Amino acid sequence: MFQLFWCKVLAWSILKLLREDPETLKEHVKKRFMDPNIVDKARSVDLEWRKLLTTIQEMRHRHNVISREIPKLKGEEKEKKIVEARNLLKELEALEKKLREVEEKREKLLLSLPNIVHESVPIGPDDSYNVPIRFWGKPRVWIGHIESFKEQTERYGFRVDYEVIDWRPIGHADILENVLRLGDTFKAGQVAGSRFYYLFNDIVFLDMALLAYAIDYLTSRGYTLVLPPYMLRYNIMTGVIDLDTFKDAIYKIEGEDLYLIATAEHSLAALHVSEDLPEEILPLKYAGISPCFRREAGAGSRDLKGVFRVHQFHKVEQYVFAKPEESWDIMEELIRNAEYLFQGLELPYRVVNIASGDLGAPAAKKYDLEVWMPAQGRYREMVSCSNTTDWQAYRLKIRLVRRKGMVKEYIHTLNSTAIASTRTITAILENCQEEDGTIVIPRVLRKYLEVFEKAPKEAIHPAKKEKN
RNA sequence: GCCGGGGUGCCCGAGCGGUCUAAGGGGCUGGCCUGGAGAGCCAGUGCCCCGUGUGGGGCGCGCGGGUUCGAAUCCCGCCCCCGGCGCCA
């Protein structure tokens with residue numbers, strides 16, 4: 001028996017849909033509240049490209065045939081053939097120029113297509129349609145926030161146990177700069193601009209302890225610890241993110257083809273660029289630690305105070321290369337890892353299933369982990385966990401090779417925050433705050449502070465009043 | 001940063017303007033053979049396009065341009081690796 005029915009598979013799920021089932025692809029684009037016309041455009045340009053390519057390849061073939069005849073000929077006949085070949089090339093020139101144009105257009109359109117939307121994603125145009133799927137911990141809710149707290153929990157059918165406090169905790173920015181006096185965004189603003197900061201002493205130790213805590217846990221779970229490049233080339237960046245992210249988040253190095261990473265996710269995704277990974281080594285799980293640089297161009301004047309939303313911070317990131325059939329289970333593992341870390345810190349949180357319109361092009365599904373911020377009376381994003389299925393893998397040419405039959409397909413990639421330093425610090429500043437402004441250090445962090453002589457061990461205290 | 005050497009398919013390695021569009025090994029996948037394994041034999045083993053055929057074709061020798069009817073082979077730019085010099089935390 002002949003074993004192989006030669007079934008040619010289009011490896012990239014989105015290109016396959018584009019060609020074979022464009023209506024379904026349109027449905028996915030509509031779910032994101034994007035213009036479904038991009039599907040028609042991409043489809044027609046893809047078709048145009050294929051037609052043109054076929055024409056050119058036929059001409060190339062004729063030209064190759066002639067070229068191969070030439071060395072066998074002599075004298076006048078040879079000259080005739082050379083002229084013929086030359087003329088054919090002249091014709092080709094214009095067509096190939098056209099092809100390059102079409103190809104560029106096609107490439108652009110293909111790369112502008114967002115990922116499909118997983119069936120479990122709530123449909124809605126913006127973050128107000130995000131759906132909390134579970135709550136953890138017992139938030140401390142200031143009396144004045146009780147109504148809005150209920151709005152943020154009971155509306156979704158959850159009954160979350162909470163503790164009422166009659167004093168309002170000081171906001172993270174205020175306590176950092178004015179009570180503890182361990183941060184200075186004013187001076188940083190003078191020398192670098194808004195959204196930069198100086199942090200001092202205890203808070204710096206806290207930053208380091210958080211990172212150590214995260215890498216300690218993830219490495220114990222078998223994740224490979226990685227210190228990655230902090231800058232990447234253009235073609236790698238575009239493999240990892242969509243155009244909007246590029247515009248809003250990415251810093252460029254002047255005069256070089258280098259861009260500062262906005263997260264270790266970018267470098268970790270790039271770790272296996274252009275590789276064929278055999279299925280038996282999957283899943284590959286990484287924990288990257290790096291600074292993150294973000295322009296925050298789209299943020300306007302949101303969160304200008306303190307270190308909640310800043311141009312640079314440290315982050316431990318989880319990144320996994322997986323077989324398609326296991327990626328959804330791994331997504332659950334990644335969010336559970338993040339939850340484990342925040343449970344350890346005793347920060348009350350909820351996990352939110354991000355609505356289709358708020359997803360971002362690379363992700364087929366995304367969870368955010370949001371911590372309750374007692375001073376703000378809101379849950380705020382600390383962790384973002386995505387399954388990007390084969391969206392990044394296609395762009396980065398990362399394929400999976402099956403043992404049987406040597407079939408190749410695109411792998412799935414996933415990413416999730418473990419801990420982002422400054423943002424987690426804001427959560428600690430508000431949640432672990434005592435009435436007198438003392439910050440009680442979460443127990444799980446203490447062993448990482450032990451190694452530093454001068455690090456705080458149990459609490460961070462308000463600055464002493466200056467005598468004037 | 002400077003000078004010299006080098007980057008060939010999954011790996012090793014030949015080719016250094018046309019004898020076809022990468023020799024020859026090795027590995028891997030499948031088939032034949034076998035009681036089973038091995039050996040042996042056969043085929044497949046980069047990307048893409050056309051075709052409802054086990055069919056046809058284009059492009060691939062670090063990347064991008066150029067010369068030529070024809071380039072792995074010649075020229076230019078860039079990247080990376082090795083050695084030497086310089087510089088530096």
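A quick note: this is a predicted structure, and the numbers were derived from the prediction, not measured. Worth knowing before you read on, the calculation uses all heavy atoms, side chains too, and leaves out hydrogens, waters and symmetry mates. Convention: sequence-line order gives letters A, B, ...; per-chain numbering from 1.
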Check your understanding: Taking only N and O in the side chain of A:Asn64, is any of them less than 4.0 Å away from OP1 or OP2 of B:U21?
Key -> no

Exercise for review: Specify the separation, in whole Å, of atom NZ of A:Lys97 and atom C1' of B:G65.
Suggested key: 17 Å

**Study point:** Nucleotide nearest A:Trp49 when distance is taken to its side chain, options B:C49, B:G58, B:G70
**Key:** B:C49

**Study point:** Partner nucleotide of B:A39 by Watson-Crick or wobble geometry (both distances under 3.5 Å)
**Key:** none

Check your understanding: Across all strands, who's sitting opposite B:G1 as a Watson-Crick or G-U wobble pair, both distances under 3.5 Å?
Key -> B:C85

Review point. Which part of the nucleic acid, if any, lies within contact of A:Asp276, taking any heavy atom under 4.0 Å across all strands shown: a base, the sugar-phosphate backbone alone, or nothing?
Key: nothing

Revision key, fill the gap. Of A:Pro71 and A:Arg62, the one whose closest nucleotide on RNA chain B sits nearer the 5' end is A:Pro71

Revision key, fill the gap. To the nearest angstrom, the CZ-P distance between A:Arg68 and B:G57 comes to 9 Å

Review point. Roughly how many Å is it from CG in A:Leu99 to P in B:G58, rounded to a whole number?
Key: 16 Å

Review point. Who does B:C20 pair with, Watson-Crick or G-U, both distances under 3.5 Å?
Key: none

Check your understanding: Side chains of A:Ser290 and A:Lys315: do they bring a donor and an acceptor to under 3.5 Å?
Key -> no

Revision key, fill the gap. Comparing nearest nucleotides in RNA chain B, the 5'-proximal residue of the pair A:Ile82, A:Arg399 is A:Arg399

Point to revise | Beyond-backbone contact of A:Leu180 with A:Leu429, side-chain heavy atoms, under 4.5 angstrom | key: yes

Study note, to complete from the structure: Here the distance between atom P of B:C59 and atom CD of A:Glu58, to the nearest Å, is 13 Å

Point to revise | Side-chain heavy atoms of A:Thr417 within contact of A:Gln318, under 4.5 Å | key: no

**Study point:** Complementary nucleotide for B:C59 - Watson-Crick or wobble, under 3.5 Å
**Key:** B:G46

Practice item. Compare side-chain N and O positions of A:Arg19 against OP1 and OP2 of B:C49 and report whether any pair is under 4.0 Å apart. Key: yes

Exercise for review: Could you work out which one of B:G70, B:G58, B:C79 sits closest to the side chain of A:Arg233?
Suggested key: B:C79

Practice item. Rounded off to whole Å, could you give me the CG-to-C1' distance for the A:Asp257 and B:C80 pair? Key: 14 Å

Review point. Which is true for A:Leu53 with a 4.0 Å heavy-atom rule: it touches a base, it touches only sugar-phosphate, or it touches nothing?
Key: sugar-phosphate

**Study point:** Identified pairing partner of B:G70, criterion: Watson-Crick or G-U wobble below 3.5 Å
**Key:** none

Check your understanding: With no hydrogens and no angle check, do the side chains of A:Tyr217 and A:Arg221 hold a donor and an acceptor under 3.5 Å apart?
Key -> yes

Check your understanding: With rounding to whole Å, what would you report as the distance between B:C41 and B:C59 at their P atoms?
Key -> 35 Å

Review point. Looking for any heavy atom pair under 4.0 Å, which part of the strands does A:Ile56 touch: base, sugar-phosphate only, or nothing?
Key: nothing

Practice item. Examine the side chains of A:Tyr286 and A:His272 and answer whether a donor and an acceptor come within less than 3.5 Å of each other. Key: yes

Practice item. Give one of base, sugar-phosphate or nothing for A:Arg86, where a contact means two heavy atoms less than 4.0 Å apart. Key: sugar-phosphate

**Study point:** Nearest-angstrom distance from the residue atom CD of A:Glu256 to P of B:C79
**Key:** 9 Å

Review point. Just checking, is any N or O donor in the side chain of A:His172 or A:Thr426 under 3.5 Å from an acceptor N or O on the other one?
Key: no

